[in-house]
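All figures in this text were calculated on a predicted structure; none of them were measured in a lab. Chain letters run A, B, ... following the sequence lines, proteins first and then strands; every chain starts at 1.
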2 protein chains.
Amino acid sequence: MKDKATIKKAGYKITGPRQLVLDFLKSGEHYTAKEIYEGLEKTLGLTTVYRTLEILTELGIVETIALTDGSLRYEYVLGKKHHHHLVCTGCGDICELDGCAIKDLEEKVAKQTAYVISGHALELYGLCPRCQKK
Amino acid sequence: MKDKATIKKAGYKITGPRQLVLDFLKSGEHYTAKEIYEGLEKTLGLTTVYRTLEILTELGIVETIALTDGSLRYEYVLGKKHHHHLVCTGCGDICELDGCAIKDLEEKVAKQTAYVISGHALELYGLCPRCQKK
DNA sequence: ACTGTAAGTGAAAAATATTTTCATTTAGCA
DNA sequence: TGCTAAATGAAAATATTTTTCACTTACAGT
(Lines give C-alpha, C1' and ligand atoms only; values in the text may rest on other atoms or scores of the structure.)
Protein backbone atom coordinates (compact mmCIF):
# COMPACT_ATOMS: atom_id res chain seq x y z
CA MET A 1 0.00 0.00 0.00
CA LYS A 2 3.01 2.24 0.07
CA ASP A 3 2.21 3.19 -3.53
CA LYS A 4 -0.98 5.04 -2.65
CA ALA A 5 0.66 6.89 0.23
CA THR A 6 3.41 7.98 -2.14
CA ILE A 7 0.89 9.23 -4.67
CA LYS A 8 -0.99 11.20 -2.05
CA LYS A 9 2.11 12.68 -0.52
CA ALA A 10 3.11 13.98 -3.91
CA GLY A 11 -0.22 15.81 -4.14
CA TYR A 12 -1.87 13.49 -6.63
CA LYS A 13 -5.30 12.05 -6.10
CA ILE A 14 -6.13 8.38 -5.72
CA THR A 15 -8.54 7.73 -8.56
CA GLY A 16 -10.21 4.70 -10.03
CA PRO A 17 -8.10 4.61 -13.19
CA ARG A 18 -4.89 4.96 -11.20
CA GLN A 19 -5.81 2.04 -8.99
CA LEU A 20 -6.64 -0.05 -12.03
CA VAL A 21 -3.24 0.60 -13.57
CA LEU A 22 -1.45 -0.02 -10.28
CA ASP A 23 -3.24 -3.30 -9.68
CA PHE A 24 -2.66 -4.43 -13.21
CA LEU A 25 1.06 -3.73 -13.05
CA LYS A 26 1.39 -5.16 -9.56
CA SER A 27 -0.04 -8.51 -10.50
CA GLY A 28 1.98 -8.89 -13.66
CA GLU A 29 5.31 -8.44 -15.30
CA HIS A 30 6.54 -6.01 -17.93
CA TYR A 31 3.84 -4.37 -20.01
CA THR A 32 3.58 -1.78 -22.74
CA ALA A 33 1.07 1.06 -22.40
CA LYS A 34 -1.16 -0.60 -24.94
CA GLU A 35 -1.04 -3.96 -23.19
CA ILE A 36 -2.17 -2.28 -19.99
CA TYR A 37 -4.97 -0.50 -21.85
CA GLU A 38 -6.15 -3.69 -23.48
CA GLY A 39 -5.59 -5.80 -20.38
CA LEU A 40 -7.98 -3.52 -18.56
CA GLU A 41 -10.44 -3.95 -21.40
CA LYS A 42 -10.62 -0.27 -22.16
CA THR A 43 -12.33 0.60 -18.90
CA LEU A 44 -10.14 3.70 -19.01
CA GLY A 45 -8.71 5.84 -21.75
CA LEU A 46 -5.34 5.15 -23.31
CA THR A 47 -4.49 8.77 -22.59
CA THR A 48 -4.99 8.11 -18.91
CA VAL A 49 -2.76 5.05 -19.06
CA TYR A 50 0.05 7.19 -20.43
CA ARG A 51 -0.53 9.94 -17.92
CA THR A 52 -0.68 7.49 -15.04
CA LEU A 53 2.51 5.75 -16.12
CA GLU A 54 4.25 9.10 -16.30
CA ILE A 55 3.31 9.92 -12.72
CA LEU A 56 4.11 6.46 -11.39
CA THR A 57 7.51 6.60 -13.08
CA GLU A 58 8.22 10.05 -11.70
CA LEU A 59 7.41 8.76 -8.20
CA GLY A 60 9.62 5.69 -8.57
CA ILE A 61 6.72 3.29 -8.21
CA VAL A 62 7.14 2.06 -11.76
CA GLU A 63 10.24 1.78 -13.90
CA THR A 64 10.65 2.00 -17.63
CA ILE A 65 12.43 -0.68 -19.63
CA ALA A 66 13.59 0.54 -23.04
CA LEU A 67 14.24 -2.26 -25.49
CA THR A 68 16.40 -2.01 -28.59
CA ASP A 69 13.38 -2.62 -30.82
CA GLY A 70 12.14 0.77 -29.67
CA SER A 71 9.42 -0.49 -27.37
CA LEU A 72 8.91 0.73 -23.83
CA ARG A 73 7.72 -1.53 -21.06
CA TYR A 74 6.69 -0.68 -17.53
CA GLU A 75 7.32 -2.60 -14.36
CA TYR A 76 6.01 -2.14 -10.83
CA VAL A 77 9.14 -2.01 -8.66
CA LEU A 78 8.03 -1.06 -5.14
CA GLY A 79 9.28 -3.69 -2.75
CA LYS A 80 11.39 -5.35 -5.40
CA LYS A 81 15.15 -5.43 -5.19
CA HIS A 82 16.93 -3.59 -7.97
CA HIS A 83 17.57 -6.03 -10.79
CA HIS A 84 18.20 -6.38 -14.50
CA HIS A 85 16.48 -8.09 -17.38
CA LEU A 86 17.20 -10.86 -19.79
CA VAL A 87 15.20 -10.45 -22.98
CA CYS A 88 14.65 -13.23 -25.50
CA THR A 89 15.13 -11.85 -29.01
CA GLY A 90 13.05 -14.75 -30.31
CA CYS A 91 9.82 -14.62 -28.35
CA GLY A 92 10.22 -11.43 -26.34
CA ASP A 93 10.09 -13.20 -23.00
CA ILE A 94 11.64 -11.18 -20.19
CA CYS A 95 13.34 -12.73 -17.15
CA GLU A 96 14.40 -10.83 -14.10
CA LEU A 97 18.01 -11.25 -13.03
CA ASP A 98 18.66 -10.84 -9.33
CA GLY A 99 21.44 -8.66 -8.10
CA CYS A 100 23.33 -5.83 -9.62
CA ALA A 101 26.95 -5.64 -10.62
CA ILE A 102 26.85 -2.00 -11.57
CA LYS A 103 27.00 -0.10 -8.29
CA ASP A 104 30.81 -0.02 -8.28
CA LEU A 105 30.82 1.09 -11.88
CA GLU A 106 28.48 3.95 -11.06
CA GLU A 107 30.84 5.27 -8.43
CA LYS A 108 33.83 4.96 -10.68
CA VAL A 109 32.09 6.77 -13.51
CA ALA A 110 30.84 9.49 -11.18
CA LYS A 111 34.42 10.22 -10.15
CA GLN A 112 35.77 10.09 -13.68
CA THR A 113 33.15 12.24 -15.36
CA ALA A 114 31.82 14.54 -12.62
CA TYR A 115 28.29 13.47 -13.52
CA VAL A 116 25.84 12.88 -10.69
CA ILE A 117 24.61 9.40 -11.52
CA SER A 118 20.93 8.83 -10.97
CA GLY A 119 20.57 5.31 -12.24
CA HIS A 120 21.21 2.85 -14.99
CA ALA A 121 19.57 0.35 -17.28
CA LEU A 122 21.07 -2.99 -18.14
CA GLU A 123 19.43 -5.50 -20.39
CA LEU A 124 20.94 -8.72 -21.64
CA TYR A 125 19.67 -10.09 -24.93
CA GLY A 126 19.72 -13.69 -26.04
CA LEU A 127 17.70 -16.67 -27.10
CA CYS A 128 15.71 -18.63 -24.55
CA PRO A 129 16.01 -22.42 -24.57
CA ARG A 130 12.76 -22.87 -26.48
CA CYS A 131 13.70 -20.39 -29.20
CA GLN A 132 17.11 -21.99 -29.63
CA LYS A 133 15.37 -25.08 -30.96
CA LYS A 134 13.45 -23.28 -33.68
CA MET B 1 36.21 0.44 -45.49
CA LYS B 2 35.29 -2.85 -43.91
CA ASP B 3 31.69 -1.65 -43.81
CA LYS B 4 31.23 -1.71 -47.57
CA ALA B 5 32.80 -5.14 -47.91
CA THR B 6 30.42 -6.40 -45.24
CA ILE B 7 27.44 -4.95 -47.04
CA LYS B 8 28.49 -6.51 -50.33
CA LYS B 9 29.24 -9.87 -48.82
CA ALA B 10 25.74 -9.96 -47.39
CA GLY B 11 24.34 -9.49 -50.89
CA TYR B 12 23.31 -5.86 -50.51
CA LYS B 13 24.28 -3.20 -53.00
CA ILE B 14 26.47 -0.19 -52.32
CA THR B 15 24.23 2.72 -53.17
CA GLY B 16 24.49 6.45 -52.86
CA PRO B 17 22.00 6.74 -49.99
CA ARG B 18 23.73 3.97 -48.07
CA GLN B 19 27.08 5.68 -48.36
CA LEU B 20 25.55 8.95 -47.21
CA VAL B 21 24.15 7.33 -44.09
CA LEU B 22 27.40 5.48 -43.39
CA ASP B 23 29.51 8.61 -43.75
CA PHE B 24 27.14 10.63 -41.64
CA LEU B 25 27.19 8.10 -38.82
CA LYS B 26 30.91 7.53 -39.09
CA SER B 27 31.76 11.16 -38.61
CA GLY B 28 29.44 11.68 -35.70
CA GLU B 29 28.05 10.33 -32.52
CA HIS B 30 24.63 8.95 -31.64
CA TYR B 31 21.83 10.00 -33.91
CA THR B 32 18.13 9.34 -34.30
CA ALA B 33 16.76 8.40 -37.73
CA LYS B 34 15.31 11.86 -38.10
CA GLU B 35 18.56 13.57 -37.19
CA ILE B 36 20.31 11.59 -39.88
CA TYR B 37 17.60 12.49 -42.39
CA GLU B 38 17.81 16.18 -41.53
CA GLY B 39 21.59 16.15 -41.21
CA LEU B 40 21.76 14.93 -44.78
CA GLU B 41 19.40 17.74 -45.74
CA LYS B 42 16.81 15.42 -47.17
CA THR B 43 18.98 14.29 -50.06
CA LEU B 44 17.41 10.90 -49.45
CA GLY B 45 14.05 9.71 -48.21
CA LEU B 46 13.34 9.11 -44.55
CA THR B 47 12.10 5.67 -45.55
CA THR B 48 15.53 4.90 -46.91
CA VAL B 49 17.18 6.06 -43.71
CA TYR B 50 15.07 3.59 -41.74
CA ARG B 51 15.73 0.78 -44.20
CA THR B 52 19.45 1.47 -44.26
CA LEU B 53 19.68 1.55 -40.48
CA GLU B 54 17.88 -1.76 -40.32
CA ILE B 55 20.43 -3.37 -42.62
CA LEU B 56 23.43 -1.78 -40.96
CA THR B 57 22.19 -2.95 -37.58
CA GLU B 58 21.58 -6.47 -38.86
CA LEU B 59 25.17 -6.55 -40.17
CA GLY B 60 26.64 -5.27 -36.90
CA ILE B 61 27.99 -2.11 -38.49
CA VAL B 62 25.67 0.06 -36.47
CA GLU B 63 24.24 -0.45 -33.00
CA THR B 64 20.99 0.72 -31.52
CA ILE B 65 20.85 2.62 -28.25
CA ALA B 66 17.41 2.53 -26.63
CA LEU B 67 16.85 5.29 -24.12
CA THR B 68 14.23 5.26 -21.37
CA ASP B 69 12.45 8.21 -22.94
CA GLY B 70 11.57 5.85 -25.78
CA SER B 71 13.96 7.27 -28.33
CA LEU B 72 16.28 5.14 -30.44
CA ARG B 73 19.73 6.32 -31.43
CA TYR B 74 22.18 4.74 -33.82
CA GLU B 75 25.94 4.53 -33.54
CA TYR B 76 28.58 3.39 -36.00
CA VAL B 77 30.58 0.77 -34.11
CA LEU B 78 32.98 -0.84 -36.61
CA GLY B 79 36.50 -0.49 -35.25
CA LYS B 80 35.27 0.76 -31.90
CA LYS B 81 35.80 -1.20 -28.75
CA HIS B 82 32.61 -2.36 -27.08
CA HIS B 83 31.56 0.29 -24.60
CA HIS B 84 28.64 1.75 -22.70
CA HIS B 85 26.94 5.11 -22.50
CA LEU B 86 26.41 7.81 -19.95
CA VAL B 87 23.34 9.87 -20.77
CA CYS B 88 22.61 13.27 -19.26
CA THR B 89 18.95 13.45 -18.25
CA GLY B 90 19.19 17.22 -18.41
CA CYS B 91 20.55 18.01 -21.86
CA GLY B 92 20.63 14.59 -23.48
CA ASP B 93 24.38 14.59 -23.99
CA ILE B 94 25.80 11.11 -24.43
CA CYS B 95 29.34 10.13 -23.34
CA GLU B 96 30.99 6.90 -24.23
CA LEU B 97 32.41 4.89 -21.35
CA ASP B 98 35.37 2.73 -22.18
CA GLY B 99 35.52 -0.86 -21.11
CA CYS B 100 32.87 -3.32 -20.15
CA ALA B 101 32.17 -4.92 -16.81
CA ILE B 102 29.46 -7.20 -18.08
CA LYS B 103 31.28 -10.04 -19.85
CA ASP B 104 31.54 -12.10 -16.66
CA LEU B 105 27.90 -11.45 -15.91
CA GLU B 106 26.92 -12.70 -19.36
CA GLU B 107 28.66 -16.01 -18.77
CA LYS B 108 27.13 -16.40 -15.35
CA VAL B 109 23.65 -15.68 -16.64
CA ALA B 110 24.11 -18.03 -19.60
CA LYS B 111 24.89 -20.86 -17.19
CA GLN B 112 22.05 -20.03 -14.83
CA THR B 113 19.32 -19.56 -17.39
CA ALA B 114 20.33 -21.73 -20.38
CA TYR B 115 19.86 -18.71 -22.63
CA VAL B 116 22.38 -18.15 -25.42
CA ILE B 117 23.39 -14.57 -24.73
CA SER B 118 23.87 -12.44 -27.82
CA GLY B 119 24.62 -9.11 -26.23
CA HIS B 120 23.60 -6.49 -23.75
CA ALA B 121 22.84 -2.83 -23.37
CA LEU B 122 23.97 -0.77 -20.42
CA GLU B 123 23.24 2.89 -20.06
CA LEU B 124 24.00 5.02 -17.03
CA TYR B 125 21.83 8.08 -16.46
CA GLY B 126 22.77 11.19 -14.57
CA LEU B 127 23.29 14.93 -14.73
CA CYS B 128 26.34 16.36 -16.47
CA PRO B 129 28.32 19.05 -14.63
CA ARG B 130 26.69 21.85 -16.58
CA CYS B 131 23.15 20.64 -15.93
CA GLN B 132 23.89 20.25 -12.21
CA LYS B 133 24.25 24.03 -11.98
CA LYS B 134 20.85 24.81 -13.47
C1' DA C 1 -22.75 14.59 4.85
C1' DC C 2 -22.42 18.66 1.58
C1' DT C 3 -20.22 21.68 -1.38
C1' DG C 4 -16.61 24.05 -4.04
C1' DT C 5 -12.79 23.63 -6.73
C1' DA C 6 -8.64 22.13 -8.50
C1' DA C 7 -7.17 17.96 -10.40
C1' DG C 8 -8.29 14.15 -13.31
C1' DT C 9 -10.58 12.01 -17.19
C1' DG C 10 -11.76 10.51 -21.92
C1' DA C 11 -12.82 11.47 -26.77
C1' DA C 12 -11.07 13.54 -30.48
C1' DA C 13 -7.59 15.81 -32.80
C1' DA C 14 -2.88 16.66 -33.42
C1' DA C 15 1.76 15.51 -33.45
C1' DT C 16 5.25 12.20 -33.96
C1' DA C 17 7.31 7.90 -35.42
C1' DT C 18 7.62 3.95 -38.25
C1' DT C 19 6.18 0.68 -41.96
C1' DT C 20 4.03 -0.59 -46.25
C1' DT C 21 2.89 -0.01 -51.04
C1' DC C 22 4.02 0.63 -55.58
C1' DA C 23 5.76 2.84 -59.67
C1' DT C 24 10.29 4.34 -61.01
C1' DT C 25 15.31 4.21 -60.82
C1' DT C 26 19.82 2.11 -60.33
C1' DA C 27 23.89 -1.09 -59.14
C1' DG C 28 26.41 -4.28 -60.84
C1' DC C 29 26.68 -8.65 -63.32
C1' DA C 30 26.45 -11.08 -67.93
C1' DT D 1 25.79 -1.93 -72.95
C1' DG D 2 21.69 -4.14 -71.59
C1' DC D 3 19.19 -6.91 -68.15
C1' DT D 4 17.23 -7.72 -63.84
C1' DA D 5 16.71 -7.95 -59.15
C1' DA D 6 17.34 -4.79 -55.60
C1' DA D 7 16.83 -0.18 -54.01
C1' DT D 8 14.57 4.19 -53.82
C1' DG D 9 11.19 7.91 -52.68
C1' DA D 10 6.54 9.74 -52.39
C1' DA D 11 2.43 8.81 -50.52
C1' DA D 12 -0.52 6.20 -47.78
C1' DA D 13 -1.16 3.36 -43.92
C1' DT D 14 -0.25 2.17 -39.35
C1' DA D 15 1.40 2.88 -34.72
C1' DT D 16 2.59 5.62 -30.85
C1' DT D 17 2.34 9.49 -27.88
C1' DT D 18 0.76 14.18 -26.66
C1' DT D 19 -2.41 17.99 -26.58
C1' DT D 20 -6.87 20.10 -26.24
C1' DC D 21 -11.02 20.87 -24.06
C1' DA D 22 -15.50 20.06 -22.06
C1' DC D 23 -17.11 17.20 -18.48
C1' DT D 24 -16.44 14.54 -14.11
C1' DT D 25 -14.61 13.46 -9.62
C1' DA D 26 -11.62 13.27 -5.31
C1' DC D 27 -11.24 15.22 -1.32
C1' DA D 28 -10.43 19.44 1.72
C1' DG D 29 -12.94 22.49 4.30
C1' DT D 30 -17.04 23.39 6.13
Side-chain angles (χ1 to χ4, degrees), chain A residues 1 3-25 30-59 61-75 92, chain B residues 1 3-25 30-59 61-74 89 92:
Chain A
M1 279 305 143
D3 45 16
K4 287 188 193 148
T6 304
I7 292 170
K8 271 215 153 152
K9 197 160 65 178
Y12 296 114
K13 292 177 181 172
I14 306 297
T15 65
R18 287 180 183 160
Q19 295 186 60
L20 284 174
V21 172
L22 276 174
D23 290 345
F24 188 84
L25 283 170
H30 315 88
Y31 298 108
T32 62
K34 205 172 146 218
E35 284 168 0
I36 295 167
Y37 174 63
E38 287 171 350
L40 291 170
E41 298 189 315
K42 306 178 185 176
T43 47
L44 39 40
L46 183 52
T47 309
T48 301
V49 174
Y50 278 109
R51 280 189 291 225
T52 302
L53 289 171
E54 189 182 4
I55 288 171
L56 296 179
T57 303
E58 167 202 329
L59 298 179
I61 295 167
V62 158
E63 280 179 14
T64 300
I65 305 164
L67 302 185
T68 53
D69 68 357
S71 65
L72 282 181
R73 295 186 165 270
Y74 296 88
E75 176 186 5
Chain B
M1 280 305 144
D3 44 16
K4 286 188 193 148
T6 305
I7 292 170
K8 270 213 154 154
K9 198 160 65 179
Y12 296 114
K13 292 177 181 171
I14 306 296
T15 65
R18 284 179 185 162
Q19 295 186 59
L20 284 174
V21 172
L22 275 174
D23 291 344
F24 188 85
L25 283 170
H30 316 87
Y31 298 108
T32 62
K34 205 172 145 217
E35 283 168 1
I36 296 166
Y37 174 63
E38 287 172 349
L40 292 169
E41 298 189 313
K42 306 176 184 175
T43 48
L44 39 39
L46 182 53
T47 308
T48 302
V49 173
Y50 278 109
R51 280 188 291 224
T52 302
L53 289 172
E54 189 180 6
I55 289 171
L56 296 179
T57 303
E58 168 202 328
L59 299 178
I61 295 168
V62 157
E63 280 179 13
T64 299
I65 305 165
L67 303 185
T68 52
D69 67 357
S71 64
L72 282 182
R73 295 186 164 270
Y74 296 88
T89 53

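A donor-acceptor pair is defined here as one N or O able to donate and one able to accept, closer than 3.5 Å; such a pair exists between the side chain of B:T52 and the backbone of B:T48.
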Next on the checklist: As a quick check of understanding, evaluate side chain to side chain contact (heavy atoms under 4.5 Å, CB included) for B:K4 and B:R18, giving each step before the final call.
Outcome noted: CA-CA 9 Å; B:K4 286 188 193 148; B:R18 284 179 185 162; over 6 Å; no
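Of all heavy-atom pairs spanning A:I7 and A:K13, the tightest one is CG2-O, 3.9 Å. The heavy-atom pair separating B:T64 from B:L72 by the smallest distance is CG2-CD2, 3.4 Å. Annotation for A:H30 and A:R73: closest pair O-NH1, 2.6 Å, computed over non-hydrogen atoms. When all heavy atoms of A:Y12 and A:L59 are compared, the closest pair comes out as CD1-CD1, 4.1 Å. Across all non-hydrogen atoms, the minimal contact from A:L25 to A:Y74 is CD2-O, 3.7 Å.
For the segment residues 34-46 of chain A, the set of residues with a heavy atom within less than 4.0 Å of an atom of DNA chain C comprises A:T43, A:L44, A:G45, in numerical order.
With the nearest nucleotide of DNA chain C identified for both A:V49 and B:A33, A:V49 has the one nearer the 5' end. Comparing B:G70 and B:G16 by the nucleotide of DNA chain D whose heavy atom lies nearest to each, the residue mapping closer to the 5' end is B:G16.
The NZ-P distance, from B:K4 to C:dA27, rounds to 13 Å in whole Å. Across the protein-nucleic acid pair, A:Y12 atom OH and C:dA6 atom P stand 17 Å apart, rounded to whole Å. Atom CG of A:L53 and atom C1' of C:dG8 are 15 Å apart (whole Å). The CD1 atom of B:I55 sits 13 Å away from the P atom of C:dT19 (whole-angstrom rounding).
Here NZ of B:K34 is found 9.0 Å from CG of B:L46. Values are rounded to the nearest 0.5 Å.
Within the 4.5 Å cutoff, the side chain of B:V21 has heavy atoms near those of the B:L44 side chain.
From the 5' end on, the contacts that DNA chain D makes with chain B at under 4.0 Å to a non-hydrogen atom open and close at D:dA5 to D:dA11.
When heavy atoms are screened at a 4.0 angstrom cut-off, B:R51 is found touching base atoms of the nucleic acid. Residue B:T47 is classed as a base contact, given a heavy-atom separation below 4.0 Å to a base.
At the phosphate of C:dG8, neither OP1 nor OP2 sits under 4.0 Å from any side-chain N or O atom of A:T15.
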